[in-house]
Peer 1: 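Here's a structure for you.
Sequence positions, counted from 1, serve as the residue numbers for this chain.
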Amino acid sequence: MALEIEHKFLIVSNEWRALSYKATRLRQGYLNHDEQYCSVRVRSSEEKASLNIKSATIGSQRQEFEYEIPLNDANALLSLARKPLIEKTRHLVAVAEHIWEVDVFEGDNAGLVVAEIELQRVGESFDKPAWAGKEVTDDFRYYNTSLSLHPYKDW
(Lines give C-alpha, C1' and ligand atoms only; values in the text may rest on other atoms or scores of the structure.)
Protein backbone atom coordinates (compact mmCIF):
# COMPACT_ATOMS: atom_id res chain seq x y z
CA MET A 1 0.00 0.00 0.00
CA ALA A 2 1.30 3.46 -0.91
CA LEU A 3 1.00 6.18 1.71
CA GLU A 4 1.03 9.90 0.96
CA ILE A 5 2.13 12.18 3.78
CA GLU A 6 1.49 15.75 2.72
CA HIS A 7 0.93 19.18 4.25
CA LYS A 8 -0.85 22.01 2.44
CA PHE A 9 -0.43 25.76 3.06
CA LEU A 10 -1.86 28.98 1.69
CA ILE A 11 0.65 31.33 0.07
CA VAL A 12 1.08 34.76 1.69
CA SER A 13 3.63 36.36 -0.67
CA ASN A 14 5.26 35.92 -4.07
CA GLU A 15 8.76 35.34 -2.65
CA TRP A 16 8.59 31.70 -3.75
CA ARG A 17 8.63 32.74 -7.42
CA ALA A 18 12.35 33.61 -7.29
CA LEU A 19 13.05 30.07 -6.06
CA SER A 20 10.93 28.22 -8.62
CA TYR A 21 13.08 26.05 -10.87
CA LYS A 22 10.42 24.25 -12.93
CA ALA A 23 6.83 24.98 -13.93
CA THR A 24 4.38 22.50 -15.44
CA ARG A 25 0.88 23.27 -16.64
CA LEU A 26 -1.57 20.58 -15.48
CA ARG A 27 -5.14 19.64 -16.28
CA GLN A 28 -6.93 17.18 -14.07
CA GLY A 29 -10.40 15.82 -13.61
CA TYR A 30 -12.26 13.43 -11.36
CA LEU A 31 -14.07 10.37 -12.65
CA ASN A 32 -16.10 9.52 -9.58
CA HIS A 33 -18.56 11.38 -7.40
CA ASP A 34 -18.19 9.37 -4.18
CA GLU A 35 -15.92 11.28 -1.81
CA GLN A 36 -16.75 8.91 1.06
CA TYR A 37 -14.23 6.25 -0.02
CA CYS A 38 -11.79 7.48 -2.65
CA SER A 39 -11.18 9.82 -5.54
CA VAL A 40 -10.19 8.69 -9.01
CA ARG A 41 -8.26 11.41 -10.82
CA VAL A 42 -6.82 11.78 -14.30
CA ARG A 43 -4.00 14.30 -14.69
CA SER A 44 -2.13 15.37 -17.81
CA SER A 45 0.63 17.73 -18.78
CA GLU A 46 2.17 18.24 -22.20
CA GLU A 47 4.64 15.42 -21.50
CA LYS A 48 2.88 12.74 -19.46
CA ALA A 49 -0.34 11.62 -17.82
CA SER A 50 -1.42 9.58 -14.85
CA LEU A 51 -4.36 7.87 -13.22
CA ASN A 52 -4.48 8.40 -9.46
CA ILE A 53 -6.59 6.83 -6.73
CA LYS A 54 -6.57 8.39 -3.24
CA SER A 55 -8.45 7.48 -0.10
CA ALA A 56 -10.97 10.11 0.98
CA THR A 57 -9.23 10.59 4.31
CA ILE A 58 -8.95 14.21 5.50
CA GLY A 59 -5.57 15.12 6.94
CA SER A 60 -1.89 14.67 6.22
CA GLN A 61 -1.93 10.89 5.59
CA ARG A 62 -3.83 9.13 2.82
CA GLN A 63 -3.51 6.01 0.76
CA GLU A 64 -2.44 6.91 -2.78
CA PHE A 65 -1.88 4.85 -5.92
CA GLU A 66 -0.64 6.48 -9.13
CA TYR A 67 -0.06 4.94 -12.55
CA GLU A 68 1.31 6.51 -15.72
CA ILE A 69 -1.06 6.22 -18.68
CA PRO A 70 -0.82 7.26 -22.35
CA LEU A 71 -1.62 10.92 -23.07
CA ASN A 72 -4.35 9.96 -25.55
CA ASP A 73 -6.06 7.85 -22.88
CA ALA A 74 -5.81 10.72 -20.39
CA ASN A 75 -7.41 13.15 -22.85
CA ALA A 76 -10.24 10.70 -23.50
CA LEU A 77 -10.78 10.20 -19.76
CA LEU A 78 -10.67 13.96 -19.10
CA SER A 79 -13.59 14.35 -21.51
CA LEU A 80 -15.55 12.01 -19.17
CA ALA A 81 -14.53 13.78 -15.96
CA ARG A 82 -16.83 16.08 -14.03
CA LYS A 83 -16.49 19.74 -14.89
CA PRO A 84 -14.92 22.11 -14.31
CA LEU A 85 -11.54 20.52 -14.76
CA ILE A 86 -8.82 21.65 -12.40
CA GLU A 87 -6.33 23.77 -14.33
CA LYS A 88 -3.14 24.93 -12.67
CA THR A 89 0.54 25.56 -13.09
CA ARG A 90 2.68 23.63 -10.64
CA HIS A 91 5.97 25.23 -9.65
CA LEU A 92 8.73 23.23 -7.97
CA VAL A 93 10.55 25.15 -5.25
CA ALA A 94 13.53 23.83 -3.27
CA VAL A 95 13.57 24.71 0.43
CA ALA A 96 16.36 23.10 2.46
CA GLU A 97 16.23 19.35 1.72
CA HIS A 98 12.61 19.33 0.52
CA ILE A 99 10.84 20.18 -2.71
CA TRP A 100 7.68 22.22 -2.34
CA GLU A 101 4.97 22.22 -5.01
CA VAL A 102 3.27 25.59 -5.45
CA ASP A 103 0.04 25.35 -7.42
CA VAL A 104 -1.24 28.51 -9.11
CA PHE A 105 -4.83 27.75 -10.09
CA GLU A 106 -6.55 28.98 -13.24
CA GLY A 107 -10.07 28.89 -14.63
CA ASP A 108 -12.82 28.60 -12.02
CA ASN A 109 -10.18 28.43 -9.26
CA ALA A 110 -8.16 31.47 -10.40
CA GLY A 111 -6.76 33.49 -7.51
CA LEU A 112 -6.01 30.46 -5.36
CA VAL A 113 -2.33 29.65 -4.72
CA VAL A 114 -1.46 26.71 -2.49
CA ALA A 115 1.86 25.11 -1.51
CA GLU A 116 2.26 21.44 -0.66
CA ILE A 117 5.14 19.52 0.84
CA GLU A 118 5.25 15.74 0.68
CA LEU A 119 7.16 13.97 3.42
CA GLN A 120 8.73 10.52 3.62
CA ARG A 121 7.51 9.68 7.12
CA VAL A 122 5.02 10.83 9.74
CA GLY A 123 6.54 13.43 12.03
CA GLU A 124 9.36 14.31 9.64
CA SER A 125 10.54 17.84 10.30
CA PHE A 126 10.70 20.46 7.56
CA ASP A 127 11.52 24.13 7.19
CA LYS A 128 8.40 26.22 6.60
CA PRO A 129 9.33 29.19 4.42
CA ALA A 130 8.02 32.69 5.21
CA TRP A 131 5.87 32.65 2.05
CA ALA A 132 3.90 29.63 3.35
CA GLY A 133 1.10 30.90 5.57
CA LYS A 134 -1.81 29.14 7.23
CA GLU A 135 -1.83 25.34 7.05
CA VAL A 136 -5.01 24.06 5.38
CA THR A 137 -4.21 20.34 5.33
CA ASP A 138 -7.35 19.55 7.32
CA ASP A 139 -9.64 21.90 5.35
CA PHE A 140 -11.44 19.85 2.69
CA ARG A 141 -12.29 22.99 0.66
CA TYR A 142 -8.65 23.15 -0.52
CA TYR A 143 -8.52 19.56 -1.80
CA ASN A 144 -8.55 19.44 -5.59
CA THR A 145 -11.47 17.03 -5.60
CA SER A 146 -13.48 19.58 -3.59
CA LEU A 147 -12.37 22.43 -5.86
CA SER A 148 -13.81 20.53 -8.82
CA LEU A 149 -17.21 20.48 -7.07
CA HIS A 150 -17.06 23.88 -5.36
CA PRO A 151 -14.66 26.13 -7.28
CA TYR A 152 -12.82 28.93 -5.53
CA LYS A 153 -14.73 31.56 -7.57
CA ASP A 154 -17.94 30.52 -5.75
CA TRP A 155 -16.61 30.91 -2.19
Peer 1: Verify the cluster assignment for Phe126 and Leu3: are they in a single hydrophobic cluster under the rule of side-chain heavy atoms below 4.5 Å apart?
Peer 2: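 Linked within one cluster.
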Peer 1: Mark yes or no for whether Ser50, through its side chain, and Asn52, through its backbone, hold a donor-acceptor pair below 3.5 Å.
Peer 2: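 No.
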Peer 1: Would a 4.5 Å heavy-atom cut-off, applied to side chains only, mark Leu10 and Val114 as touching?
Peer 2: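 In contact.
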Peer 1: Which value, rounded to the nearest 0.5 Å, describes the distance between Glu46 atom CD and Lys48 atom NZ?
Peer 2: 13.5 Å
Peer 1: What's the spacing between Lys88 NZ and Asn144 CG if we round to 0.5 Å?
Peer 2: 3.5 Å
Peer 1: Would a hydrophobic clustering, with Ile, Leu, Val, Met, Phe, Trp and Tyr connected at side-chain separations under 4.5 Å, put Leu26 with Tyr21?
Peer 2: no
Peer 1: Where is the tightest heavy-atom contact between Trp131 and Ala115, given as atom of each residue plus distance?
Peer 2: CZ3-CB, 3.9 Å
Peer 1: What are the two closest heavy atoms between Ala74 and Ser44, and how far apart are they?
Peer 2: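 Heavy-atom minimum between the residues: CB-CB, 4.2 Å.
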Peer 1: Quickly, which of Glu66, Gln63, Lys54 forms a side-chain contact (heavy atoms from CB on, under 4.5 Å) with Glu4? Name it, please.
Peer 2: Lys54
Peer 1: Can you tell me if Lys83 has over 12 outside heavy atoms packed within less than 6.0 Å of its NZ?
Peer 2: yes
Peer 1: Answer yes or no: are there more than 12 heavy-atom neighbours, outside Glu97 itself, under 6.0 Å from its atom CD?
Peer 2: yes
Peer 1: CH2/Trp100 to CD/Glu116 distance, rounded to the nearest 0.5 angstrom?
Peer 2: 10.0 Å
Peer 1: With side chain to side chain contact (heavy atoms under 4.5 Å, CB included) as the criterion, how do Thr24 and Glu101 come out once you've worked through the C-alpha distance, each side chain's angles and the decisive distance to 0.1 Å?
Peer 2: CA-CA 10 Å; Thr24 305; Glu101 297 173 341; over 6 Å; no
Peer 1: Shortest non-hydrogen contact from Ser148 to Tyr30?
Peer 2: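 Heavy atoms only, the tightest pair is OG-CD1, 3.7 Å.
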Peer 1: Just verifying a value: how many Å separate Asp103 CG and Lys8 NZ, rounded to the nearest 0.5 Å?
Peer 2: 7.0 Å
Peer 1: Which pair of heavy atoms, one from Ile69 and one from Leu77, lies closest together, and at what distance?
Peer 2: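 In this case the closest contact between Ile69 and Leu77 is CD1-CD1, 4.0 Å.
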Peer 1: Indicate every side-chain donor-acceptor pair of residues 106-113 with a distance under 3.5 Å to a residue at least two apart or in another chain.
Peer 2:
| from | atom 1 | to | atom 2 | distance (Å) |
| --- | --- | --- | --- | --- |
| Glu106 | OE1 | Arg25 | NE | 3.2 |
| Glu106 | OE1 | Arg25 | NH2 | 2.6 |
| Glu106 | OE2 | Thr89 | OG1 | 2.9 |
| Asn109 | OD1 | Tyr152 | N | 2.7 |

Peer 1: What ring-ring contact (aromatic ring centres under 6.0 Å, His included) pairs are there with at least one residue in residues 68-94, not counting sequence neighbours?
Peer 2: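 Passing the test, one end in residues 68-94: Trp16-His91.
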Peer 1: List the atom of Arg27, the atom of Leu78, and the distance in Å for their closest heavy-atom pair.
Peer 2: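 It is NH2-CD1, 3.8 Å.
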Peer 1: Ile117 versus Glu124: any side-chain heavy-atom pair under 4.5 Å?
Peer 2: no
Peer 1: Can you tell me how far NE2 of His7 sits from NE2 of His98, rounded to the nearest 0.5 angstrom?
Peer 2: 9.5 Å
Peer 1: Provide the closest heavy-atom pair for Asp127 versus Ala96 in the form atom of the first, atom of the second, distance.
Peer 2: OD2-CB, 3.1 Å
Peer 1: Is there a path from Val12 to Val93 through hydrophobic residues (I, L, V, M, F, W, Y) whose side chains come within less than 4.5 Å of each other?
Peer 2: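 In one cluster: no.
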Peer 1: Can you find a pair of side-chain heavy atoms, one from Glu135 and one from Lys128, that are under 4.5 Å apart?
Peer 2: no
Peer 1: Leu71, Tyr67: one ILVMFWY side-chain cluster at the under-4.5 Å cut-off?
Peer 2: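 Unlinked, Leu71 and Tyr67 end up in two clusters.
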Peer 1: Can you tell me how far CG of Asn32 sits from OG1 of Thr145, rounded to the nearest 0.5 angstrom?
Peer 2: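 The distance works out to 6.5 Å.
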Peer 1: Between Tyr143 and Thr137 (side chain of the first, backbone of the second, donor and acceptor by atom type, cut-off under 3.5 Å), is there such a pair?
Peer 2: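 Between the backbone of Thr137 and the side chain of Tyr143 there is a qualifying donor-acceptor contact (under 3.5 Å).
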